[in-house]
Amino acid sequence: MPSSVTALGQARSSGPGMASSACCCSPAAVQRRLPIMAWLPNYSLQWLKMDFIAGLSVGLTAIPQALAYAEVAGLPPQYGLYSAFVGCFVYFFLGTSRDVTLGPTAIMSLLVSFYTFHEPAYAVLLAFLSGCIQLAMGVLHLGFLLDFISCPVIKGFTSAATVTIGFGQIKNLLGLQNIPRQFFLQVYHTFLRIAETRVGDAVLGLVCMLLLLVLKLMRDHMPPVHPEMPLGVRLSHGLVWSATTARNALVVSFAALVAYSFEVTGYQPFILTGETAEGLPPVRTPPFSVTTANGTISFTEMVQDMGAGLAVVPLMGLLESVAVAKAFGLTNVLGSFVSSYPVTGSFGRTAVNSQSGVCTPAGGLVTGVLVLLSLGYLTSLFYYIPKSALAAIIIMAVAPLFDTKIFRTLWRVKRLDLLPLCVTFLLCFWEVQYGILAGALVSLLMLLHSAARPETKVSEGPVLVLQPASGLSFPAMEALREEILSRALEVSPPRCLVLECTHVCSIDYTVVLGLGELLQDFQKQGVALVFVGLQVPVLRVLLSADLKGFQYFSTLEEAEKHLRQEPGAQPCNIREDAVPDHKVALLEA
């Protein structure tokens, strides 16, 4: 007996339960559910070297950014570090891409500031609930919901967020205090109090921005290194590469050293970060209630206070990649037990990871350990970091997110797509959820309009041929009817029409009724309406409807011959037994 038949018999004899169990426990299934098993058995010392370098590079970028993003979120600086290490360990096990890094980001921090009222308890609970929602979306395969958020809407949101985050740091860059966080009030009070600018903060902030820009340009224009180069050249190349890659850490260290030098002299011209809680975060359940001076805020009240944030935060977190929804979700759920606020994938740190030559997700272990070490031993040094230096890091990090080319591209490609982009961009300055919702609704209305008013290709000649350029569904039937009536029946004399349906892959009951009424209208006028290019599913529906006067031709040439009353062109018999053989099987399927 052939081996394939034997295997089939064994599978049947073992029963469906055992077969499904074997399938679930197969190596491919295990690797799909636990991606670490795909690369860990083949791990090498060369990979370890590259992962260590990459993890160190990302860690030196992540630590100062975490401190800075906590400021954006309106939380104490330690919460940025609490949020920076859990994703590293989770992605080590569940990561499907060697480059991606999870942690706090500028845009996610901005969203957290909108919905958590600068209260750490709300931020931690939002991380837990967002993680649960993301996990549910991953398990239920609900990623298709993100397909309704178009690229112009995403670009409009990210551009508005970039402006909001960047301008929000001007106050720290200039040393201004007590500036409101609402964008329009922030703009007003910043310009109103521009005369109160602290010279020390402004000078240091601008110097830090200049240093970051110079180091970034050096990193971007470094020539590639070759093995045949002299050892000294390769060493100097490595030194410059390390310095430019870890530019955030270098600039923050420089600024802290300057601030400490002034502190020793007894004069401090900068506003400092201040005290940062020492040590690792306690492991505890997320706060499901908060006790305040005015009483206890229950879990239900906290959820109601966060409102739309429970939808906006997890969806925005998943927009980067639905494929790693389980990693995002688990990171946020576990992170909430160590006081983390919501995190997502970081474009900037992912780029650093990739440029550093990372080989596997193991690079994240080095990053996570480095963040934990900074929490354990370096928090006392964070006191001296000037806020203007952190503001410079944030501004330089978010500046590339503003896509200046998208407006010109959409103007050249499809100007109508500028509408959802501009609606989202403008309304996000008022309320983020309103901007995203309005942009998505505008995109949906544009989609519905194209479905209700599909383009049709019309060929004038001895016989009028009308071809819908896209699918045909019930919203489009009335427009198609008006087009046909105006071109064929409302002219003198009435004309025969060929409806070329090559692009129509499905029709519904409303379309069938409309086509039946059109056939009756044509019969009353003494002219013919015939069909060409019907796909099998459409033909099956029309045959089942038993439309009076329905005629179908295989080719346009046969239809035109028939309508011109030329010999040798007969319509296909609409009885099912007369449909071509290769279509009978499909019709019976």
Side-chain angles (χ1 to χ4, degrees), residues 69 72-75 83 104-138 140 142-150 152-165 168 180-186 286-290 297-320 322 325 328-329 332-333 336 340-344 420-445:
Y69 292 153
V72 176
L75 300 173
S83 307
T105 63
I107 291 179
M108 186 57 69
S109 300
L110 178 67
L111 292 176
V112 169
S113 73
F114 287 153
Y115 299 112
T116 60
F117 322 108
H118 313 146
E119 289 289 340
Y122 276 87
V124 174
L125 181 60
L126 181 59
F128 176 79
L129 296 177
S130 296
C132 292
I133 293 171
Q134 289 168 336
L135 280 174
M137 291 183 67
L140 299 176
L142 296 179
F144 72 91
L145 295 175
L146 302 179
D147 295 339
F148 292 96
I149 303 178
S150 64
V153 173
I154 298 172
K155 289 291 186 180
F157 162 70
T158 54
S159 298
T162 299
V163 174
T164 302
I165 295 169
R181 282 185 172 266
Q182 204 283 331
F183 179 75
F184 295 110
L185 292 176
Q186 194 173 85
F288 295 105
S289 62
V290 177
I297 302 175
S298 67
F299 172 74
T300 304
E301 292 173 324
M302 294 177 72
V303 170
Q304 291 174 347
D305 290 340
M306 287 186 283
L310 292 176
V312 175
V313 171
L315 287 177
M316 290 299 104
L318 288 178
L319 271 176
E320 185 170 343
V322 180
F328 283 147
N332 282 320
V333 169
S336 67
S340 166
Y341 66 81
V343 301
T344 184
L421 184 145
C422 293
V423 167
T424 306
F425 179 76
L426 295 175
L427 288 183
C428 276
F429 291 117
W430 177 32
E431 289 284 351
V432 170
Q433 64 267 28
Y434 296 152
I436 296 173
L437 180 61
L441 286 177
V442 171
S443 298
L444 186 59
L445 288 175

Q: Test side chain to side chain contact (heavy atoms under 4.5 Å, CB included) on Val303 and Phe299 and set out the steps.
A: CA-CA 6 Å; Val303 170; Phe299 172 74; 3.6 Å; yes

Q | Test item: Gln433 and Tyr115 side chains (from C-beta on) under 4.5 Å apart, heavy atoms | A | yes

(Q) With a sphere of 6.0 Å drawn around OH of Tyr434, does it hold more than 12 non-hydrogen atoms of other residues, nucleotides or ligands? (A)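 Count not over threshold, so no.
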
Q.
Pair Glu301, Val290 - check side chain to side chain contact (heavy atoms under 4.5 Å, CB included), show working.
A. CA-CA 10 Å; Glu301 292 173 324; Val290 177; over 6 Å; no

Q: Apply side chain to side chain contact (heavy atoms under 4.5 Å, CB included) to Thr105 and Val343, showing your working.
A: CA-CA 7 Å; Thr105 63; Val343 301; over 6 Å; no

**Q.** Met316 and Val432: CA distance, side-chain angles, deciding distance, side chain to side chain contact (heavy atoms under 4.5 Å, CB included) verdict
**A.** CA-CA 11 Å; Met316 290 299 104; Val432 170; 5.9 Å; no

Over all atoms of both residues, closest heavy-atom pair of [X] and [Y]:
| X | Y | value |
| --- | --- | --- |
| Val313 | Ser130 | CG1-OG, 3.5 Å |
| Glu119 | Leu75 | C-CD2, 4.0 Å |
| Val124 | Pro287 | CG1-CD, 3.7 Å |
| Ala123 | Val112 | CB-CG1, 4.0 Å |
| Leu310 | Leu126 | CD2-CD1, 3.8 Å |
| Val333 | Gly131 | CG2-C, 3.5 Å |

Q. How are the rings of Phe429 and Phe425 set relative to one another: parallel (under 30°), tilted (30 to 60°) or perpendicular (over 60°)?
A. perpendicular

(Q) Taking side-chain hydrogen bond (donor to acceptor under 3.5 Å, both in side chains) as the criterion, tell me which of Ser336, Ser109, Ser83 meets it with Tyr341. (A) Ser109

How long is the gap from [atom1] on [X] to [atom2] on [Y], to the nearest 0.5 Å?
| X | Y | atom1 | atom2 | value |
| --- | --- | --- | --- | --- |
| Ile297 | Tyr122 | CD1 | OH | 4.0 Å |
| Asn332 | Leu129 | CG | CG | 10.5 Å |
| Phe117 | Arg181 | CZ | CZ | 13.5 Å |

